[in-house]
Amino acid sequence: MQRNFLETDRVTVAFGGIVALKDVSLSVVQGKTTAILGPNGAGKTTLFNAVAGAVRPTSGKVYFQGADITNASPSRRCHAGIARTFQITQPFGGLSVRENVMVALAARGVTMKEARAEASTYIDFVGLNAKAEDPARILSTGQRKRLELARALSTHPKLLLLDEVTGGVDRPSIPELLDVIRRLREERGITIVVVEHNMEVLLGLADNAFFLNRGEVVVTGSVEEVADHEAVRRIYLGDADVAA
Amino acid sequence: QEEITIGAVGPLTGPAANTGKDHRQGLELAVKDWNDGKGNYVSQNPPKIKLVMEDTSGKPEVAISAAQRLITRENIKMLIGDTLHSHVTLALMELAPQYNLPILSAEPVSSAIADKVLSDEERYQLYWKGNWNSSGYGTAVHDFYKWAFDNKTLDPGDKKIAFVVEDTDYGIANAEKVGELFKADGWTVTSTETVPPATTDFYPQLSKLREAGPDVVVSVFTVANSGIAFVRQLKEQALDTSHLAIYYPTKPEFLQQAADVAEGTYWAALTFSSELNPEHKAFSDRVQAEYGNPGTYSTAHAYCTMEIALRAIDAAGSTDPKAIAEQIKNTDHECVVGRFKFDKDHAVQSGPDFIPVPVAQIQGGKNQIIWPENVATSKPQ
Amino acid sequence: MLRLEGVNVHYGATRVLWDVAMEVGAGEIVAIMGPNGSGKSTVLKAAMGLKKPSSGVVSLDNEELQNKSATLRPKRGMSIVLERRRLFPRMSVEENVMLGAYTRKPSEARETFRWVLDLLPEIKPHLNATAGKLSGGQQQMVAIARGLMANPRVLLMDEPFLGLSPAMVKTVCSIMQMINERGVAILFNEQNAKLSFSMSHRGYLLESGRVVLSGSGEEMLDHPEVRRVYLGIRETAA
Amino acid sequence: MSATQFIELIINGLITGSIYALVGSGIALVYGTTRVLNFAHGELMMLAGYGVLLFAVTLGWPVLLAALATILIVMLLGAVIQRVTIAPLLKREDWAFNVVAATIGLSIFLQSAAQLIWGEQFQGVPYFFNGVAVIGEVRMPWQRIAIFLVALGVMGLCALVLYRTRLGRIIRATAQDAEAALAVGIPSGLVHTAVFAISAALAGTGAILLSPLVTVSPWMGASYLLKGFAVVILGGLGSFGGAVAAGFLLGLIESFSVAFVSTEWSNVVAFLFLIAVIWARPEGLFAGRGA
Amino acid sequence: MLEVFGRRPYLVLLVMALLLAPVPLLQLNDYILHVLTLFLIFAVFATGWNLTLGILGLKTLGHHAFFAVGAYASAMVSHYFGVSPWITIWLAALIAALTGLLIGFPILRIRSMPHVAIVTLAFAEIVRLVFANLKEITRGELGFWGIPPFDPIQIGETTIRFGLGNAAGSFAVAAIMFVGVHLALLLLLRGRCGLTFLAIRDAEAAAESLGVRLAAWKLFAFAISAAVVGLSGAVYAHYVLILTPTSVAGPEMLISLLAMIIVGGVGRFFGPIYGALLLTVTSELLRDFGDFRMLLYGALIIVFVFAAPAGIAGLKPRFSRKETETRKTVEAV
Ligand SMILES: Nc1ncnc2c1ncn2[C@@H]1O[C@H](COP(=O)(O)OP(=O)(O)OP(=O)(O)O)[C@@H](O)[C@H]1O
Ligand SMILES: Nc1ncnc2c1ncn2[C@@H]1O[C@H](COP(=O)(O)OP(=O)(O)OP(=O)(O)O)[C@@H](O)[C@H]1O
Ligand SMILES: [Mg+2]
Ligand SMILES: [Mg+2]
């Protein structure tokens with residue numbers, strides 16, 4: 001059977017009694033950018049965790065490039081080409097920003113010298129040059145978010161999962177970051193899945209979208225279609241006229 | 001005339017520090033007497049002696065470090081060590097061939113030391129053990145019980161014996177030796193419980209003992225509070241058995257704290273008793289006058305060990321290691337704890353003719369020697 | 001009522017705030033804007049006493065607080081919603097929220113609790129859940145609820161909308177406006193210039209630890225610098 | 001095995017276990033609330049031991065009064081230790097290991113200080129309760145029964161405070177994010193100190209109950225420390241109730257292992273059990289509500 | 001990594017090697033050489049331990065078990081089977097590494113500091129008890145003696161002898177091991193290996209998501225660290241020639257080694273070396289204070305934790321950074 005680039009097949013994730021994802025089946029087309037929308041607690045991060053391997057689904061399967069990766073470890077998935085950022089940032093506090101970025105390169109077997117040089121590219125991308133040699137533990141919220149992105153990029157992903165990557169980043173820098181992401185997609189053909197609450201950002205970035213509510217996919221379509229959907233406006237965007 | 005330095009190492013800190021301090025007093029006192037003209041001299045012109053003592057904390061590697069320091073810094077001509085521990089002595093005796101230094105240990109008793117000497121007499125020719133072998137206890141305990149069964153003081157019952165001993169060479173070697181001798185008489189050893197040193201809760205072991213129902217229980221501890229606890233708990237559990245204690249009743253705190261529950265306990269070996277032995281009392285008073293605390297077996301033994309060392313150096317007439325060792329070998333010296341004479345295994349001999357190993361019983365809150373009969377102060381009850 | 005004068009803050013040898021002066025008048029909503037790392041969070045922490053300034057004055061109703069313990073401030077009516085949702089991760093949501101009223105009488109606290117739940121009904125189903133296991137946005141709501149429980153006169157909020165869905169952002173905005181109408185002064189930071197300056201009476205712009213611009217909400221929105229950099233309104237769009 | 005021995009083993013296990021539980025729950029309390037792994041906990045026991053010795057033996061006070069005075073003093077000491085050596089470290093970013101290091105240092109320091117002050121000897125304390133209860137064939141001195149009962153009582157009291165009172169809630173909040181606790185106005189520094197004092201009281205109670213059995217010495221506490229830690233882990237880190245349950249369990253395991261294998265292997269059995277549990281259930285046997 | 005290694009780690013090691021090289025020729029008295037030999041052995045021990053404690057960030061408190069395993073393994077193989085210690089020390093390192101893997105497995109999944117600390121502590125206690133209880137082969141607490149010293153080496157005219165009483169030879173063995181181990185570790189850790197360890201220390205989940213194979217790396221770190229510690233134990237065994245379970249695997253070993261690492265600087269590559277030097281030497285100097293020795297020892301640990309938490313290695317002027325402005329940051333943004 002021909003499978004899409006990334007597919008989840010009736011994935012359910014339950015934490016004790018709480019069902020965070022319920023039979024979620026969705027597929028992501030290679031080269032496209034997909035947005036996951038949904039109110040808080042809808043299960044977006046959990047979906048990312050299931051795809052990246054940080055949680056095991058209670059039932060269901062995850063396929064990546066046709067292969068079943070449901071039981072693969074996060075590191076194997078990374079080597080297969082899946083990278084993610086964390087919504088709640090997780091820097092390597094004792095390493096410098098540059099070394100943070102070098103970790104993934106080293107895990108791929110790149111020599112230290114090459115890794116050092118390549119890291120500069122990503123640090124440049126996210127605008128952290130000035131902090132490159134500082135320990136990551138002193139970074140502020142926005143700086144940490146940028147670091148997350150740089151690290152994810154350094155894994156040479158085929159699939160990039162961005163969990164609120166612009167949250168906390170100052171507005172003037174967002175266009176630049178988006179530029180970087182867009183360029184990557186065009187130059188390297190990276191497939192991107194984003195969780196993002198900033199609709200402006202989404203409209204300029206994503207091709208299609210899934211709307212998740214209480215662990216279930218409710219609406220699918222292009223970003224515009226989804227954003228205009230009645231349920232999305234009511235539950236998610238909270239438009240006064242509809243919500244009333 | 002030049003001063004000769006003798007080094008000593010012993011446990012001055014750590015759990016055995018009390019005993020180590022007694023040793024230090026005994027060693028110092030002997031040297032003081034010697035230098036003050038009150039010594040038990042061999043020659044007309046005895047040398048002046050200086051004593052330097054270092055701490056081992058009861059650990060072999062520390063002891064070696066300390067001894068090396070004494071050897072290289074203080075230029076000692078002889079080492080007394082270890083003053084207490086057998087395992088430390090086993091390490092220290094290696095220094096004798098390495099540094100060509102006569103070494104005389106004080107209180108260690110382990111038979112393993114003598115075995116090691118016998119395994120390579122050439123190598124350990126400079127090493128001497130200033131105490132009898134641990135097997136000495138075994139013989140005494142066995143002979144005492146045999147005597148008691150023979151004259152119907154005690155009833156051998158089903159001929160079952162059990163041991164509760166401290167997990168040291170001392171405890172285990174004693175249990176093995178006594179066990180062997182009893183087995184030869186047709187006894188069975190129901191169990192040997194080894195507990196870590198300083199254990200104070202014996203309920204699990206006692207529960208096991210009660211099931212086995214031995215006729216004789218032998219306990220060996222070097223830490224007095226283990227013994228105190230054991231005797232008390234044995235009484236609480238009202239086990240119907242004869243109990244013989246090894247070593248710990250020599251500690252004064254044993255009777256102080258356990259007098260109420262220790263009545264009737266047999267024990268070995270009452271080698272030092274100010275109450276029963278006027279000579280011991282005189283020595284103890286001497287220590288009291290000098291240091292403000294009474295003398296113990298350890299003080300007296302250290303005193304005697306130092307006397308042997310001093311007399312050997314005196315007799316050798318030089319600090320030549322071989323000559324000193326030769327003189328130690330020739331020692332036949334009557335001292336406050338008994339007569340010191342070395343055997344072929346470089347250890348001091350025990351028994352009625354040498355250092356006596358008498359068995360005592362606590363009667364009316366006091367220690368009485370009950371065996372051997374020739375030195376007994378009371379009859380067993 | 002809350003006033004910062006000449007506040008300097010160092011992290012080790014690094015100086016992150018330079019003579020910062022800010023004021024929050026009674027009944028005002030005041031927004032802080034600035035690039036990442038400019039020191040917004042540090043200003044709020046210094047105001048709340050969680051980071052001690054190396055020099056300068058922090059005063060509430062003319063009472064100097066910079067050398068007093070942080071615990072005094074909730075008693076004086078200050079409370080803070082911390083960045084990165086600093087909850088008590090292994091306590092239940094209810095316990096977390098209730099602890100916001102630590103300095104208040106239990107009976108009053110119960111009442112406020114009901115009020116807070118009415119304002120933020122989204123947390124109701126999770127009251128018995130362990131706070132650390134909630135989703136990012138849910139944690140943020142709990143943090144806001146906890147901040148409200150103190151019934152503060154001055155509320156400090158560090159990126160209160162971080163991770164909230166658009167609908168929740170609106171809810172929280174209206175809550176802020178509503179309690180402000182009841183007389184609560186609010187000092188907060190948020191990256192969305194339009195949102196934050198339009199809902200606030202006054203605003204500050206912070207850059208590299210210095211206040212570079214301040215004024216009323218409208219003034220800030222109209223300022224060419226703000227328009228260009230923070231609202232992306234340019235003559236030649238990129 | 002006879003029924004009598006079986007009962008005896010259970011009783012012995014429960015009594016030993018109650019001491020492990022007392023020690024462990026004290027460590028768990030401190031760990032649960034402050035994330036501090038206190039390696040000097042055993043030395044608080046030791047100090048309490050010398051306290052009883054002073055009040056009950058040297059000064060000859062009545063037992064209850066002596067115990068009370070001892071507990072008060074140990075609580076004070078616990079508080080002082082926390083203020084002087086631990087509180088300043090908690091402000092650091094990398095305090096977790098610093099505190100372990102500091103308390104290890106403190107533990108050696110106190111041990112050797114005690115040795116200098118009181119000497120190396122093991123000092124006996126007479127039984128507080130005399131007599132032996134005889135039930136059928138089982139003989140149990142009242143002193144031992146008292147250990148069990150008092151330990152249960154004291155731990156129950158602590159649990160009550162921890163889970164049923166406002167103080168308990170504050171303690172638990174401080175446990176989880178001290179800065180956030182500070183932000184809502186909880187004087188977290190004081191709470192930490194108070195927790196230390198309570199934990200010291202638990203250690204003190206343990207020591208008072210034990211001193212007639214184990215005698216008082218500078219090393220008195222050290223031997224219980226590893227067992228205390230094992231109990232904390234088995235019970236689920238920082239869980240007060242878990243530590244209590246695990247304490248009894250460990251006591252029983254030890255008591256039975258003496259019966260089946262010889263004594264010198266009983267600790268090996270106990271620690272292997274610990275490692276096996278960690279392997280199979282890292283969250284502990286009784287992981288429940290974190291303190 | 002700057003914090004861990006400093007600016008020029010190879011240079012520092014070279015200086016150390018150059019300082020050690022002439023020592024045997026100085027005709028120092030045996031006692032001083034003895035203390036220095038102990039220092040070198042403990043420095044290797046401490047460095048090996050620091051690998052998991054400070055660099056991988058797993059707060060293990062049971063590495064004295066690997067020291068004991070290494071020491072006993074080498075001692076028993078050479079004693080019972082007559083194999084030359086020159087060979088058995090490597091065997092010992094291997095056995096220690098395997099033991100490391102053994103205890104590495106159960107704690108793989110554990111992330112909490114106290115779990116790891118206590119489980120490893122309990123493991124060390126098991127090791128001590130096993131050596132103490134297997135009296136038939138180890139002689140228990142009575143001590144394992146009869147350990148052969150290293151076989152003499154003939155270089156031209158001179159024969160270099162080892163073991164007690166041959167201080168210069170023993171010092172040389174320890175010094176070569178010291179320099180060799182540190183050089184090897186430096187080569188290993190300055191590369192991706194060290195980077196990965198430090199990443200695991202700071203954020204495990206993130207490291208895993210970036211392609212780091214956690215289990216493999218952790219076990220690898222454990223094995224290397226145990227091997228280094230085991231090697232130092234083996235050399236120790238053939239130097240002191242007697243082992244007791246308490247002296248190699250007892251709590252005092254734990255405390256003194258931990259103190260060395262803390263005083264030197266946890267997680268600093270060279271820290272444990274400075275710590276080992278300071279504490280080995282002071283503990284010998286303090287010998288004159290008798291009873292006060294342990295007291296001061298404890299106090300020293302406390303003082304260092306308070307006054308210099310980064311240890312001696314952290315005392316050196318690290319980043320001679322003046323007040324940096326935040327301006328730069330913002331311009332780059
Ligand atoms: N512990 C620390 N040590 C050294 N520097 C620090 C420390 N904490 C923060 N900084 C630095 O201080 C500066 C200000 O930090 P702050 O968190 O106040 O920024 P912010 O304006 O809130 O940024 P953001 O918008 O990203 O949250 C940053 O450059 C940060 O790197
Ligand atoms: N480890 C966990 N244990 C228990 N419940 C969990 C856990 N992780 C997530 N949940 C629950 O699962 C649901 C989905 O959480 P998730 O983090 O996926 O939401 P989200 O869509 O990312 O929300 P947000 O926008 O707020 O980040 C929430 O109700 C959350 O409380
Ligand atoms: Mg999320
Ligand atoms: Mg911030």
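Convention: sequence-line order gives letters A, B, ...; per-chain numbering from 1. Predicted model only: the values in this text are computed from it and were never measured.
With a 4.5 Å cut-off on non-hydrogen atoms, E/Arg201 touches chain A through its side chain but not through its backbone. If you measure heavy-atom distances from E/Ala215 to chain A, you find no contacts under 4.5 Å at all.
Summarising the local packing, CZ of E/Phe105 is surrounded by 12 or fewer heavy atoms from other residues, nucleotides or ligands at distances under 6.0 Å. More than 12 heavy atoms of other shown residues, nucleotides or ligands fall within 6.0 angstrom of atom CD in A/Glu118. In A/Arg76, the CZ atom is not crowded: 12 or fewer heavy atoms of neighbouring residues, nucleotides or ligands sit closer than 6.0 Å. The number of heavy-atom neighbours closer than 6.0 Å to CZ of A/Arg185, taken from other residues, nucleotides and ligands shown, is above 12.
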I would like to know whether A/Met112 and E/Arg190 meet side-chain contact (heavy atoms from CB on, under 4.5 Å); could you show each step before the answer?
-> CA-CA 9 Å; A/Met112 290 296 272; E/Arg190 288 283 289 168; over 6 Å; no
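Nearest heavy atom pair, residue A/Pro91 against residue E/Ala203, reads O-CB, 3.8 Å. Between A/Phe86 and E/Ala206, the shortest heavy-atom contact is CE1-CA, 3.7 Å. Nearest heavy-atom pair across A/His79 and E/Gly211 is NE2-O, 2.7 Å. Contact record, E/Val212 with A/Ala107: CG2-CB, 4.1 Å, taken as the closest heavy-atom pair.
Atom CZ of residue E/Arg192 and atom CE of residue A/Met102 lie 11.5 Å apart, to the nearest 0.5 angstrom.
Listed options A/Val103, A/Ile82, A/Asn100, A/Thr111 were ranked by heavy-atom pairs under 4.5 angstrom with chain E; first place goes to A/Val103. Counting heavy-atom pairs closer than 4.5 Å to chain A, the top-ranked of the candidates E/Leu198, E/Val4, E/Leu210 is E/Leu210.
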